[in-house]
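All of these numbers come straight from a predicted model, not from anything done at the bench.
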There are 2 protein chains.
Amino acid sequence: MHNVLRVGDVFKALADPTRRIILDELTDRNGQTLFEICSRLTTKHHLGSSRQAISQHLDVLEAAGLVETRREGRYKFHYINTAPLEPIIERWLRNPEKDAE
Amino acid sequence: MHNVLRVGDVFKALADPTRRIILDELTDRNGQTLFEICSRLTTKHHLGSSRQAISQHLDVLEAAGLVETRREGRYKFHYINTAPLEPIIERWLRNPEKDAE
DNA sequence: ACGTTATGCAAGCCGATGCTTGCCTGTCAA
DNA sequence: TTGACAGGCAAGCATCGGCTTGCATAACGT
């Protein structure tokens, strides 16, 4: 289950505006379910994305390590994880130890 | 001539591995021309990208504000600009840990 | 002037990606 | 059990993005 977290996955995950708004929502209220996120996106951000679309976005965020999940009965709660964000910026802010890929 | 810099442009620019290596190269040696960057990518990183491909990558980086250029005769020098990187990460790092622990 | 050098522009190809559609699995309450 | 609820899986489609190809432009050296 330990997928290799690549640096590019983090940036690709952040490249989509809907996924960034999802991270905003999880920052505002952590541990939401898929349906909570969907309803919040439609009401607060006027995004007409379907449930399946949001689910796929959450998969991308989880593959990048930016979102972690915990199952409880028929609910699946989503938590933001900012750990992958910290090292990737300092890559160019100070001296490079160049990553592969 | 003031192009509107969108946040998404920065992430989309960073989503490509070749563009990240270009930023690495500019961090290592600032103010390179297009041909210098091309030769460095082939020799040091073994990337077989053509000149036109690198040129288009530099356009994307410049549109995102991550690279600034200065023309001098028939040369065009490219400089890295890390300013757009700083605000976009703190967007999710200022987390007040509402329900953590 | 001539050729070379450094870069720009635009159309086209093709794989990647976001989204939809449809159906399926699992969980809880009445 | 039955039904509603929360979520998952997979195929198809349309657009986007990276790259190539080919030609054009401008600045230098001789």
Per nearest nucleotide of DNA chain C, the residue lying toward the 5' end, A/Glu72 or A/His57, is A/His57
Taking every heavy atom of B/Asp9 against every heavy atom of B/Ala64, the minimum-distance pair comes out as O-CB, 3.5 Å
Contact string for nucleotides 3-8 of chain D, one letter per nucleotide 5' to 3', B = base within protein heavy-atom range under 4.0 Å, S = sugar-phosphate only, - = neither, reads --BSBB
Applied to residues 64-74 of chain A, the salt bridge (Lys or Arg N to Asp or Glu O under 4.0 Å) test, sequence neighbours excluded, yields A/Arg70-A/Glu72
Looking only at heavy atoms, the pair that brings A/Asn30 and A/Tyr79 closest together is OD1-CA, 3.2 Å
Report task. Would you confirm whether A/Thr27, through its side chain, and A/Leu23, through its main-chain N or O, come within 3.5 Å as a donor-acceptor pair? Result -> yes
Assess whether a salt bridge exists between B/Lys44 and B/Asp28, defined as any Lys/Arg side-chain N lying under 4.0 Å from an Asp/Glu carboxylate O. yes
Taken to the nearest 0.5 Å, the spacing of B/Cys38 SG from B/Ile54 CD1 works out to 5.0 Å
Rounded to whole Å, the CZ-P distance (B/Arg70 to D/dA27) equals 16 Å
Got a donor-acceptor contact below 3.5 angstrom from the B/Asn81 side chain to the B/Gly65 backbone? yes
Just the atom pairs and distances: protein N or O near nucleotides 14-17 of chain D's N or O, under 3.5 Å.
residue : atom : partner : partner atom : Å
D/dG17  : OP1  : B/Lys12 : NZ           : 3.3

Taken in chain and number order and not counting sequence neighbours, the residues that satisfy side chain to side chain contact (heavy atoms under 4.5 Å, CB included) with A/Glu62 are A/Thr69, A/Lys76
So the contacted stretch of DNA chain C, first to last nucleotide with an atom under 4.0 Å from a non-hydrogen atom of chain A, runs from C/dT17 to C/dC28
Distance-only, no hydrogens or angles: does the A/Ser50 side chain make a donor-acceptor pair with backbone N or O of A/Ala53 under 3.5 Å?
yes
Excluding A/Val60, membership of its hydrophobic cluster (Ile, Leu, Val, Met, Phe, Trp, Tyr; side-chain heavy atoms within less than 4.5 Å) reads none
